[in-house]
Asks: 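Below you will find the structure I want to go over with you.
As a basis for the values below, the full set of heavy atoms in this structure was taken, side chains included, without hydrogen atoms, waters or symmetry mates. Numbers for residues simply follow the sequence, beginning at 1. Remember, it's a predicted structure, so these values are computed and weren't measured experimentally.
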Amino acid sequence: MSPDADLPAFRFGPARIREALTWRLARTLALGQVLAVLVCGTAVSSQYLSSAFRVDAPLLQSVLHYVLLCAAYTPALLCRTGPESVFQMGHRHWLQYSVLGLVDVEANYAVVKAYQYTTLTSIQLLDCFVIPVVMFLSWWLLKTRYRPAHYVSVCICLLGVGAMVGADLLASRDQGSSSNMLLGDGLVLLSAALYGLSNVWQEYAVKNRSRLEFLGMLGLFGSVISSVQMVLVELHQVSAIQWSWQVAVLFGAFACCMLSLYSLMPVVMKESSAAAVNLSMLTADIFSIFCGIFIFRYNFSGLYVVSLVLIFAGFITFNAVPIGPSTSPSGDNVHHDNTAQPSKQEVALAQEQQRRSIRLDCTRL
């Protein structure tokens, strides 16, 4: 039997899409594009640091944004008392958050290091591996049940990514290194798997605990882990940086974009899901290309517009279909509304089942 066989029957069509096109879906789509713009900001600032100033210090960039995250959210946890205090939560969940901090730090580090060994095209393609990882982990750990329409939506989004990569190849914009493509591609896949694990844990945390706890503890443990790793691995590169006000501004822009990204992502994830958030952020590469057209003089291609339309269409279709109920690892039921309201037939069926249950209970009494 299929793992999704327990889902109620669902009819997908133009009428259902019209029902799903609500202000809530528009808000989720808009917030997802804000996330994509922030990811674009981190990419552009990192590329400027690398190409214009020859700065290769990804761990220093991570330290700055984790420190900002810690400064913004951990003091609020310190002000709490009782079971919700940072000391009580650290005592209960220190292993979980230390592993989460390590996973998040290494995910950021691996994808930046991959640029030294493989091409931009490979990174754009292989980075999409995060979506099946998130969907599998959500199905396995959170007991989320997807419908066939969700898999079709993901395929539409991936077709959009393929159109973007095709435009890059036609424009001969296959940037990056090819010194050791096997190692570079492996780093991208590792980063995607780690990001998937981090995002699924983030979805569980913001829906079962609190956004403040997640961000405060991630900032605290991420700061410690990234600082230690920077001292052990990257001290020579950091000491070789030729500091100027432009370099300082670029480091600050990267850290502020990352702080905003990490602060906003739990809000979007609480309204939708980790898979939907990652689908919406596929447009980040396209926004980076549009910036590159004006900043780095890239060649424009109509396939970029086709890619953007396909990704938007896949994202809207994904959110137009409600996903099945999920169960958190602790056994608590978590309802994923996924921006789409149930149809009238589904509401009527649920009400009839509830009335039957009440009558049965009354009969037993």
Asks: Given 3.5 Å as the limit, does a donor-acceptor pair link the side chain of Thr74 with the main chain of Gly216, or not?
Replies: yes
Asks: Do Phe287 and Val39 come within less than 4.5 Å of each other through their side chains, counting heavy atoms only?
Replies: no
Asks: Let me check something: do Trp243 and Phe53 share a hydrophobic cluster, defined by ILVMFWY side-chain heavy atoms less than 4.5 Å apart, either directly or through other members?
Replies: yes
Asks: side-chain contact (heavy atoms from CB on, under 4.5 Å), that's the test. Do Met281 and Val268 meet it? Break it down for me.
Replies: CA-CA 11 Å; Met281 290 196 298; Val268 185; over 6 Å; no
Asks: Hey, does Arg54 have a side-chain heavy atom less than 4.5 Å from the side chain of Gln242?
Replies: no
Asks: Should the pair Phe221 and Tyr97 be assigned to parallel (<30°), tilted (30 to 60°) or perpendicular (>60°) ring geometry?
Replies: parallel
Asks: Determine whether Val249 and Met258 fall in the same hydrophobic cluster, where Ile, Leu, Val, Met, Phe, Trp and Tyr are linked whenever their side-chain heavy atoms lie under 4.5 Å apart.
Replies: no
Asks: Using the rule that Ile, Leu, Val, Met, Phe, Trp and Tyr join whenever any side-chain heavy atoms are under 4.5 Å apart, tell me whether Val267 and Leu212 fall into a single cluster.
Replies: yes
Asks: Do Leu60 and Phe251 come close enough that some side-chain heavy atom pair is under 4.5 Å?
Replies: yes
Asks: Within a reach of under 6.0 Å around CG of Leu232, are more than 12 heavy atoms found that belong to other residues, nucleotides or ligands?
Replies: yes
Asks: Distance from Phe214 atom CZ to Asn208 atom CG, nearest 0.5 Å?
Replies: 13.0 Å
Asks: Taking atom CD of Gln202 and atom CZ of Arg211, what is their separation to the nearest 0.5 Å?
Replies: 10.0 Å
Asks: Can you find a pair of side-chain heavy atoms, one from Glu234 and one from Pro58, that are under 4.5 Å apart?
Replies: yes
Asks: Nearest 0.5 angstrom please: Leu308 CG to Leu303 CG, how far?
Replies: 12.5 Å
Asks: Report the distance from atom CG of Asn278 to atom SG of Cys157, rounding to the nearest 0.5 Å.
Replies: 11.0 Å
Asks: Could I get the full list of side chain to side chain donor-acceptor pair (under 3.5 Å) partners for Thr283, not counting sequence neighbours?
Replies: Gln33
Asks: For the residue pair Tyr66 / Asp104, report whether a side-chain donor-acceptor contact shorter than 3.5 Å exists.
Replies: yes
Asks: What do the steps show when you test Val133 against Phe129 for side-chain contact (heavy atoms from CB on, under 4.5 Å), and what is the final call?
Replies: CA-CA 6 Å; Val133 169; Phe129 182 61; 3.4 Å; yes
Asks: Could you tell me the separation between the CG atom of Leu250 and the OG atom of Ser244, rounded to the nearest 0.5 Å?
Replies: 8.0 Å
Asks: So which residues get pulled into Leu310's cluster when ILVMFWY side chains under 4.5 Å apart are joined, directly or through others?
Replies: Val152, Ile156, Leu159, Val306
Asks: Taking the side chain as C-beta and beyond, is there a heavy-atom pair between Leu220 and Tyr73 under 4.5 Å?
Replies: no
Asks: Does the side-chain contact (heavy atoms from CB on, under 4.5 Å) test come out yes or no for Leu100 and Ser198, once each step is laid out?
Replies: CA-CA 6 Å; Leu100 174 64; Ser198 175; 3.9 Å; yes
Asks: Given 3.5 Å as the limit, does a donor-acceptor pair link the side chain of Thr42 with the main chain of Phe254, or not?
Replies: no
Asks: So if you build clusters from Ile, Leu, Val, Met, Phe, Trp, Tyr with side-chain heavy-atom gaps below 4.5 Å, do Leu141 and Val206 land together?
Replies: no
Asks: With clusters defined by side-chain heavy atoms of hydrophobic residues (ILVMFWY) lying less than 4.5 Å apart, directly or transitively, does Leu197 cluster with Leu95?
Replies: yes
Asks: Would you call Met265 and Asn199 a side-chain contact if the rule is heavy atoms closer than 4.5 Å?
Replies: yes
Asks: Residues in side chain to side chain donor-acceptor pair (under 3.5 Å) with Asp185, at least two apart?
Replies: Thr118
Asks: Could you check if a side-chain atom of Ser46 sits within less than 4.5 angstrom of a side-chain atom of Val112, using non-hydrogen atoms only?
Replies: no
Asks: Return the minimal non-hydrogen interatomic distance between Val188 and Asp127, and the atom names on each side.
Replies: CG1-N, 3.6 Å
Asks: Met164 and Tyr304: which non-hydrogen atoms are nearest, and at how many Å?
Replies: O-CE2, 3.9 Å
Asks: Will you find, in the side chains of Ser226 and Tyr109, an N or O donor that is under 3.5 Å from an N or O acceptor?
Replies: no
Asks: Can you check side-chain contact (heavy atoms from CB on, under 4.5 Å) on Leu282 and Ile131, steps first, answer last?
Replies: CA-CA 10 Å; Leu282 289 178; Ile131 295 172; 3.8 Å; yes
Asks: Give the minimum heavy-atom separation between Asn319 and Ser272, together with the two atoms involved.
Replies: OD1-CB, 4.3 Å
Asks: Using 30° and 60° as the class limits, which term best fits the ring planes of Tyr204 and Trp201: parallel, tilted or perpendicular?
Replies: tilted
Asks: Do Val134 and Glu203 come close enough that some side-chain heavy atom pair is under 4.5 Å?
Replies: no
Asks: Would you name the heavy atoms of Cys70 and Pro75 that are closest together and state the gap between them?
Replies: O-CD, 3.1 Å
Asks: Drop me the distance from Leu279's CG to Ile311's CD1, to the nearest 0.5 angstrom.
Replies: 9.0 Å
Asks: For the pair Ser280 (side chain) and Val277 (backbone), establish whether a donor and an acceptor sit closer than 3.5 Å, ignoring hydrogens and angles.
Replies: yes
Asks: Is there a donor-acceptor pair closer than 3.5 Å between any side-chain N or O of Ser260 and the backbone N or O of Cys256?
Replies: yes
